[in-house]
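Read through the structure below, which is laid out as structure tokens, and then see the notes.
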Amino acid sequence: NQKYLNLKDFICSEDFLNLEKLKENFQSDYESTDVIFEPVITNPDHIICVGLNYKTHVDEVNEVGSLFPLVFLRTPQSQVGHNGNIVCPTESNHIDYEGEIAVIISKDGRRIAEKDAKNFIAGFAIYNDASIRDWQLHNSQWIPGKNFPNTGAFGPWMTTYDAINHNEPFELITNVNGEVKQK
């Protein structure tokens with residue numbers, strides 16, 4: 001639809017609330033091989049990341065768990081679309097992959113009751129939160145190692161909240177150059 005410049009504009013619109021009607025009228029003449037993918041949301045207001053948020057990862061990196069999550073930000077300029085190249089900057093030779101599930105928020109909210117949280121989720125996407133480890137770990141702030149250009153692969157697309165069976169766990173598999181690294 002030409003009235004939306006990007007996905008963020010669409011998911012913040014009234015049309016997103018009538019998604020079933022829109023799906024009935026949607027027709028695509030494109031093959032995915034004809035498309036150059038950009039990050040799912042090219043113009044986010046915020047990219048808020050939560051680190052060390054599950055026990056196996058805390059154990060993997062020999063950290064001590066906490067009641068409070070480690071929160072850091074990414075910039076939009078650090079992202080790359082599906083099939084784009086994640087690039088290790090010349091300032092480092094220590095890039096690492098991190099397969100993640102991105103939660104895409106559709107509207108502003110604050111102090112939201114847990115039972116109402118789903119009303120603020122537009123959907124989910126795959127995110128490779130690649131890290132430049134030496135820059136990430138040289139101090140207590142992770143932001144330097146998380147924001148080099150082309151280190152956050154985002155996509156290829158968003159799956160809407162209603163398209164997910166929430167009674168089943170997500171399975172996330174991370175491949176690096178065709179080799180399974182995380183499952």
Side-chain angles (χ1 to χ4, degrees), residues 6-8 11 28-65 69-105 121-161 163-166 168-183:
N6 52 58
L7 183 59
K8 179 182 158 193
I11 65 176
S28 173
D29 297 324
Y30 297 101
E31 294 292 326
S32 62
T33 55
D34 298 330
V35 175
I36 297 173
F37 290 91
E38 292 190 20
V40 172
I41 305 294
T42 57
N43 61 333
D45 290 336
H46 310 286
I47 304 170
I48 302 171
C49 305
V50 181
L52 301 175
N53 57 346
Y54 56 97
K55 184 176 179 348
T56 55
H57 187 45
V58 170
D59 294 344
E60 174 188 29
V61 296
N62 295 317
E63 289 286 336
V64 176
L70 192 150
V71 177
F72 60 94
L73 300 175
R74 265 195 173 270
T75 63
Q77 296 80 5
S78 71
Q79 299 186 117
V80 62
H82 175 67
N83 286 335
N85 291 322
I86 290 179
V87 178
C88 186
T90 58
E91 295 86 353
S92 178
N93 62 2
H94 196 179
I95 191 166
D96 204 0
Y97 54 85
E98 289 186 49
E100 306 286 355
I101 296 172
V103 179
I104 301 165
I105 306 300
I121 299 173
F124 306 91
I126 301 303
Y127 201 101
N128 187 341
D129 181 32
S131 304
I132 311 306
R133 291 286 185 223
D134 48 348
W135 283 75
Q136 175 188 348
L137 301 175
H138 71 84
N139 68 36
S140 63
Q141 298 297 315
W142 286 10
I143 294 170
K146 297 286 192 170
N147 284 288
F148 280 91
N150 296 347
T151 56
F154 189 16
W157 45 73
M158 179 183 82
T159 300
T160 57
Y161 184 90
I164 301 286
N165 180 350
H166 297 279
E168 297 286 326
F170 285 172
E171 180 177 52
L172 179 64
I173 300 171
T174 305
N175 290 294
V176 176
N177 298 324
E179 182 182 343
V180 174
K181 296 288 189 173
Q182 292 174 308
K183 184 172 180 180

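Values reported hereafter were calculated over all heavy atoms of this structure, with side chains retained and with hydrogens, waters and symmetry mates removed.
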Looking only at non-hydrogen atoms, find the nearest pair between Thr151 and Ile86 and report the distance.
-> CA-CG2, 4.2 Å
Can you name the side chain to side chain contact (heavy atoms under 4.5 Å, CB included) partners of Glu38, sequence neighbours left out?
-> Thr42
Measure across Ile41 and Ile11 and return the closest heavy-atom pair with its distance rounded to 0.1 Å.
-> CD1-CD1, 4.3 Å
Non-hydrogen atoms of Val180 and Asn175 that approach each other most closely | CG2-OD1, 3.2 Å
Do the side chain of Ser92 and the main chain of Pro89 share a donor and acceptor less than 3.5 angstrom apart?
-> no
Do Ile48 and Leu73 come close enough that some side-chain heavy atom pair is under 4.5 Å?
-> yes
Answer yes or no: is there a side-chain heavy-atom contact under 4.5 Å between Phe170 and Ile164?
-> yes
Looking only at non-hydrogen atoms, find the nearest pair between Pro144 and Trp135 and report the distance.
-> CB-O, 3.7 Å
Compare every heavy atom of Arg74 with every heavy atom of Asn147, then report the nearest pair and how far apart it is.
-> OD1-CA, 3.0 Å
Between Ser131 (side chain) and Asp129 (backbone), is there a donor-acceptor pair under 3.5 Å?
-> yes
Please round to the nearest 0.5 Å and tell me the distance separating atom CZ of Phe72 and atom CD of Gln136.
-> 7.0 Å
Interatomic distance, Ile126 atom CD1 to Ile173 atom CD1 [nearest 0.5 angstrom] | 10.0 Å
Nearest-0.5 Å distance that lies between atom CD1 in Ile104 and atom CD1 in Ile121 | 10.5 Å
State, to 0.1 Å, how close Phe148 and Ile132 come at their nearest heavy-atom pair, and which atoms those are.
-> CD1-CG1, 3.5 Å
Would you mind reporting whether Pro44 and Gln79 have side-chain heavy atoms less than 4.5 Å apart?
-> yes
Kindly indicate whether the side chain of Asn150, heavy atoms from C-beta on, has any atom under 4.5 Å from the side chain of Asn85.
-> no
To the nearest 0.5 angstrom, please state how far the CG atom of Asp134 sits from the NE2 atom of His94.
-> 7.0 Å
Identify, with sequence neighbours excluded, every residue that meets salt bridge (Lys or Arg N to Asp or Glu O under 4.0 Å) alongside Glu171.
-> Lys183
Output for pair (Arg133 CZ, His138 NE2), nearest 0.5 Å, gives 13.5 Å
So, does Gln182 use its side chain to make a donor-acceptor pair with the main chain of Gly99 at under 3.5 Å?
-> yes
Going by the angle between their ring planes, with limits at 30° and 60°, are Phe154 and Tyr127 parallel, tilted or perpendicular?
-> tilted
Would one find more than 12 heavy atoms of other residues, nucleotides or ligands at under 6.0 Å from atom NE2 of His46?
-> no
Do Trp157 and His82 have side-chain heavy atoms sitting under 4.5 Å apart?
-> no
